[in-house]
Protein chains: 2
Amino acid sequence: MSHDTDIARSAELADALGAIALDSETAKHEQVRNRLIEVIELLQSGDRLPPERELAARFGVSRMTLRQAISGLASAGYVVRVQGDGTFVADPTISKSSELTGFSEDMAARGFRPSSRLLAISHVSAGAALGQELVISPEEMVFHLERVRMADGIPMCLETIDLPARLTPGLDQQPLDQSLYEILRAVYGIELFEADQVILPTVVNQEQADLLRVPVHSPALIVKRIGYDKKRRPIERAMSIYRGDRYDIRMTVRRNPT
Amino acid sequence: MSHDTDIARSAELADALGAIALDSETAKHEQVRNRLIEVIELLQSGDRLPPERELAARFGVSRMTLRQAISGLASAGYVVRVQGDGTFVADPTISKSSELTGFSEDMAARGFRPSSRLLAISHVSAGAALGQELVISPEEMVFHLERVRMADGIPMCLETIDLPARLTPGLDQQPLDQSLYEILRAVYGIELFEADQVILPTVVNQEQADLLRVPVHSPALIVKRIGYDKKRRPIERAMSIYRGDRYDIRMTVRRNPT
DNA sequence: ACCGATCAGTGGTCCGTACCAATGCGGGAG
DNA sequence: CTCCCGCATTGGTACGGACCACTGATCGGT
C-alpha cells in the first residue's frame, strides 16, 4: 500500500473516530456499532482497535454503551476480544454466515449477480400440511411461487415458496424476478426476523435436472425453511433445491453460551 | 397436572428464586443464568417470567447483571423479551441448535444413545493440504481416525478426523469408542471453542454404503469441519458423511444483528 | 356497548464509577 | 544472557441510578 493511500486512510480513520452526532432516531449503541464497522473496514484483519476507554471518549459515549456495541460486533464475528490485550479485527473467514438471508443477498455476498426466472405462480388454498406449518386454516388462500434462481446467469437452485395471500395482496402483480424479501419489506412492510431450517441431501430427478442443467441423479441440497416475523408469526414456507456441484452451505458455529 | 405437583412445583420455584450464594469462582451473571435456566425448566413455554427488577432483587444482584444473564438466554433461544410486556419462556422449537457439538452430544440431544466403532487409527505426517488447514508443517505428525458413529446401534455417519499429534500424545491409547471431545477435554485439557463448517451433498459409494448399511448411491450429507480453540488455534479437521434417510441438519437462523 | 385517552408496569438505553482478571513487557536478580 | 517478578494496560464484571419506549388494561365519555 502506497504512502498516499496510508495518509488517505488515516484521514478517513480520524473522520470515522470523531464524536457521534446526536441522532435521537437511533439508539446510541447502534450508531456506535455502525461507526465501528466503518473503522474496522479501514483496518486489516489482526489490527488492534483503540482501547475501549479511548473509543468511548472519542465517540462521546459511556464505556458501557461502547461495550454494548462491541459485544454485538464480537458475536457477529467482526472482532475478537482478548482480555488484558485488546480488541482485534477478525479474519473475514467464513463467519458472519449462519444468518437469515434471502437468495439474492446470499449470492451478492458470495460475489455473484443474482437473478431469477419465474416458473409459475398460483393462488390456491393452503391444504392441511401447509396450513399447519403456516398456522392458518387449510382453506385459507396462499400464493404459491416456483422460481429458478441464478448466479451470474447460471442456474443455482429451484425455489418453491408459499405465503398467506392475506399478508401479500396483489403479490402476483409484483416483479417476482427480483428479491422476494425486498418486495416483502418495501411493498408490504413485512420484515423477516428468524427462520427454522432443515437441510437434507437428495438427488435430482429428470425435471429438476433439466431446469438446473445438471445430469439426472446429481447430488443436491434441500433446504426447507419456515420464516417468521419478529412476533413469530409465520410468513413463508420455502423449499429450495441447490445443485451440489456449485453450491455449499458454510457457517461458523460456536460453543454453548453466547 | 395435579394439585400436589403444583404445590411441589411452587416449592421448587421458590427455591430456585432464592438469593444466590457468594461463589467467587464463577461470574455472578453466569450463576444467575444457571438459576434462571432452572426456573425456566419449571415453567411452560409461553409463561411470563417475573419482572427484571423483581428477579434482580430476589437474586440479590443489580438489574444490569440480571439483564446480562437474560440477554444470553434470549440469544440462545430460551426466552423471548417483549418491551412493555415481559419476558416469556420460548417454544422449545428447533432452536438452541447451530451450536458446536460433537456427534455424541448431538445424538443425545435428539434422544438417541450414541456409540462408536473405530475402523482405523494411524500416526502419519500431515501432508500439504491437511498441513495448510491445520496451519502446521506438512511434515508434522497427526493422528488420523476413522470411525463409524451410531445412534441406538444404527449406523448414522462415517467420521474421519485428523489432529496434530503434538497436542494429543498417546491418543491411540485412549478409548476411542467414546466422545472424542470429552477425551480432548478431560485428558488433554483442550476445549473446542468454534468451528468453520461446510455442508454439501453427495451419494455414497459401495464401501460407504456397506458401512452405513444403505443402498449404494444413496443421498448423504458431507460435513467438513475445522475446529479451533479459544485462541483460534486449529485443533481438528473432521469430515463426516451422514446418511440422508435418517439424518438432517436443523437450525434456527436470525436476521442481521445479534 | 363501543371507542379513545390515560396510566401503571415492563423491558430498553445510558451514564459514571469502581474494582477484578488476564496479558505483555520491561527491569532486576541470578 | 536468562529467567522471573511486578507493573501498566486492557478487557470483564458489577453496582445503582435515571430516564425512555412500548404494551396492555383500566376508566371515562359518547
Side-chain angles (χ1 to χ4, degrees), chain A residues 19-36 46-75 78-90 193 229-233 257-258, chain B residues 19-36 40 46-75 78-90 191 193 229-233 257-258:
Chain A
I20 67 169
L22 209 62
D23 175 2
S24 60
E25 293 299 309
T26 320
K28 272 192 190 176
H29 68 87
E30 198 134 342
Q31 296 180 56
V32 171
R33 180 193 161 106
N34 293 331
R35 292 291 289 277
L36 283 172
D47 285 357
R48 187 202 309 267
L49 265 63
E52 294 182 352
R53 291 165 176 83
E54 183 185 329
L55 284 173
R58 279 183 187 274
F59 289 141
V61 301
S62 77
R63 190 175 158 219
M64 283 258 8
T65 304
L66 177 89
R67 277 181 61 76
Q68 190 174 1
I70 292 188
S71 295
L73 296 177
S75 76
Y78 281 94
V79 299
V80 176
R81 299 205 270 194
V82 181
Q83 180 173 157
D85 195 359
T87 303
F88 304 86
V89 178
F193 173 67
D229 70 2
K230 196 157 191 178
K231 309 297 285 180
R232 201 162 171 93
R233 288 175 297 221
T258 309
Chain B
I20 67 169
L22 209 62
D23 176 1
S24 59
E25 294 297 309
T26 319
K28 271 192 188 175
H29 67 88
E30 197 135 345
Q31 297 180 56
V32 171
R33 179 194 161 103
N34 293 332
R35 291 291 289 279
L36 282 173
I40 288 167
D47 284 358
R48 187 202 308 267
L49 265 63
E52 295 182 351
R53 291 165 177 85
E54 182 185 330
L55 283 173
R58 279 182 187 275
F59 289 139
V61 301
S62 76
R63 189 174 159 220
M64 282 254 4
T65 305
L66 189 270
R67 278 181 60 77
Q68 191 173 359
I70 292 189
S71 296
L73 296 178
S75 76
Y78 281 95
V79 298
V80 176
R81 298 206 270 194
V82 181
Q83 181 174 156
D85 196 0
T87 303
F88 303 86
V89 178
E191 199 110 32
F193 173 67
D229 70 2
K230 195 157 190 176
K231 310 296 287 176
R232 201 160 172 97
R233 287 175 298 222
T258 309

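Just so we're on the same page: letters track the sequence lines, and every chain starts at 1.
- D:dT23 atom C1' lies 10 Å from atom CZ of B:Phe88, rounded to whole Å.
- Comparing the start and finish of the helix from C:dA1-D:dT30 to C:dG30-D:dC1, five pairs each, the helix axis swings through 10°, to the nearest 10 degrees.
- The distance between atom CZ of B:Phe59 and atom C1' of D:dC15, rounded to the nearest whole Å, is 18 Å.
- Between B:Leu66 and B:Ala56, the shortest heavy-atom distance links the atoms CG-N, 3.9 Å.
- Not one side-chain nitrogen or oxygen of A:Arg63 sits closer than 4.0 Å to the OP1 or OP2 atom of C:dC15.
- For C:dC15, the OP1/OP2 oxygens have a side-chain nitrogen or oxygen of A:Thr65 closer than 4.0 Å.
- Rounding to whole angstrom units, CD of residue B:Glu30 and C1' of C:dA21 are separated by 15 Å.
- The distance between atom CE of A:Met64 and atom C1' of D:dG17, rounded to the nearest whole Å, is 13 Å.
- A:Arg81 has its side chain within reach of A:Ser71: a pair of non-hydrogen atoms, C-beta onward, lies under 4.5 Å apart.
- Contact annotation: B:Arg67 side-chain N/O to C:dG12 OP1/OP2 distance is under 4.0 Å.
- Looking at which nucleotide of DNA chain C each of A:Ser62 and A:Gly84 is closest to, the 5′-most match is held by A:Ser62.
- In summary, B:Arg35 and B:Glu30 do not engage in a salt bridge, as defined by a charged side-chain N under 4.0 Å from a carboxylate O.
- When each of D:dC15, D:dA14, D:dG12 is scored by its nearest atom to the side-chain atoms of B:Ala27, the top-ranked nucleotide is D:dA14.
- Atom-to-atom, CD of A:Glu52 to C1' of C:dT17 comes out at 15 Å; the value is rounded to the nearest Å.
- Between B:Arg48 and B:Val89, the closest side-chain pair of non-hydrogen atoms is not below 4.5 Å.
- Scanning all heavy atoms of the two residues, the minimum distance from B:Pro50 to B:Leu55 falls at O-CD1, 3.5 Å.
- What separates CZ of B:Arg81 from C1' of C:dT10 is a distance of 12 Å, to the nearest Å.
- Side-chain contact between B:Phe88 and B:Val82 is present, with at least one heavy-atom pair separated by less than 4.5 Å.
- Nucleotide D:dG12 holds its P atom 13 Å from the CG atom of A:Leu55, rounded to whole Å.
- For D:dG11, the base has a donor-acceptor partner in the side chain of A:Arg53 [N/O atoms by modelled type, under 3.5 angstrom].
- Between B:Ile40 and B:Leu73, the closest side-chain pair of non-hydrogen atoms falls below 4.5 Å.
- The shortest side-chain heavy-atom distance between A:Phe59 and A:Leu36 falls under the 4.5 Å cut-off.
- Note: CG (B:Leu66) to C1' (D:dT13) measures 15 Å, nearest angstrom.
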Where protein sits on nucleotides 3-8 of chain C, one letter per nucleotide: B base, S sugar-phosphate only, - none, heavy atoms under 4.0 Å: ------
CA sep, side-chain torsions, deciding dist, call: B:Glu52, B:Arg67, side-chain contact (heavy atoms from CB on, under 4.5 Å): CA-CA 7 Å; B:Glu52 295 182 351; B:Arg67 278 181 60 77; 3.0 Å; yes
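- Relative to the side chain of A:Asp85, the nucleotides C:dC15, C:dG12, C:dG24 differ in distance, and C:dG24 lies closest.
- Rounding to the nearest 0.5 Å places NE2 of A:His29 at 10.5 Å from CE of A:Met64.
- Within the 4.0 Å cut-off from OP1 or OP2 of C:dG12, not a single side-chain nitrogen or oxygen of A:Lys28 is found.
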